[in-house]
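Read through the structure below, which is laid out as structure tokens, and then see the notes.
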Amino acid sequence: MLVDLSDGSCPQCGGQLEITGADDASLDAECTECGEYLHVEPDAFNDGGIKYWPQAMAELGEDW
């Protein structure tokens, strides 16, 4: 799942981030341009944790 550029971008190059993993306390994201890896809190993308984290958990989250 891609992060809208208006919500967040790669701190290294400004590229678009793709969420690649999720668990009950964090999200993993990778820049589609430079490959920078981020391990962030669920509300890191200016959404209060209500847009990206629930969707990422449904698609990518750990099996409970």
Side-chain angles (χ1 to χ4, degrees):
M1 146 189 0
L2 296 175
V3 175
D4 291 330
L5 286 173
S6 61
D7 292 335
S9 61
C10 176
Q12 295 296 324
C13 73
Q16 190 163 36
L17 296 170
E18 180 177 7
I19 297 175
T20 57
D23 63 24
D24 64 331
S26 63
L27 291 170
D28 296 322
E30 188 173 328
C31 179
T32 60
E33 298 194 27
C34 74
E36 177 75 10
Y37 170 80
L38 302 171
H39 184 77
V40 296
E41 293 182 3
D43 62 351
F45 301 117
N46 299 318
D47 69 338
I50 63 170
K51 179 178 177 183
Y52 297 105
W53 183 77
Q55 187 175 351
M57 283 297 289
E59 294 177 14
L60 308 167
E62 295 178 352
D63 292 330
W64 300 98

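- Evaluation of the side-chain hydrogen bond (donor to acceptor under 3.5 Å, both in side chains) rule for Q55 yields E59 as partners, not counting sequence neighbours.
- Sorted by first and then second residue, the salt bridge (Lys or Arg N to Asp or Glu O under 4.0 Å) pairs with a member in residues 34-47 form an empty list; sequence neighbours excluded.
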List the steps, then state whether side-chain contact (heavy atoms from CB on, under 4.5 Å) holds for L2 with T32.
CA-CA 9 Å; L2 296 175; T32 60; 4.0 Å; yes
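- Contacts classified as ring pair (Phe, Tyr, Trp, His ring centres under 6.0 Å) and involving residues 6-55 (residues at least two apart or in different chains) are given here: F45-Y52.
- Of all non-hydrogen atoms in L17 and A29, the two that sit nearest each other are CB-CB, 4.4 Å.
- When every heavy atom of C31 is checked against every heavy atom of C10, the shortest pair comes out as SG-CB, 3.6 Å.
- Remark: E33 CD to E18 CD distance equals 12.5 Å, nearest 0.5 Å.
- Nearest heavy atoms, L27 versus A22: CD2-CB, 3.7 Å.
- Checking side-chain atoms of D23 against main-chain N and O of A25 turns up a donor-acceptor pair under 3.5 Å.
- A side-chain donor-acceptor contact under 3.5 Å links Q16 to the backbone of V3.
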Apply side-chain contact (heavy atoms from CB on, under 4.5 Å) to T20 and M1, showing your working.
CA-CA 7 Å; T20 57; M1 146 189 0; over 6 Å; no
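- Of all non-hydrogen atoms in C13 and C34, the two that sit nearest each other are SG-SG, 3.8 Å.
- Of all the heavy atoms in G21 and L60, the pair that sits closest is N-CD1, 3.8 Å.
- Using a 4.5 Å heavy-atom threshold, the side chains of L38 and D28 count as separate.
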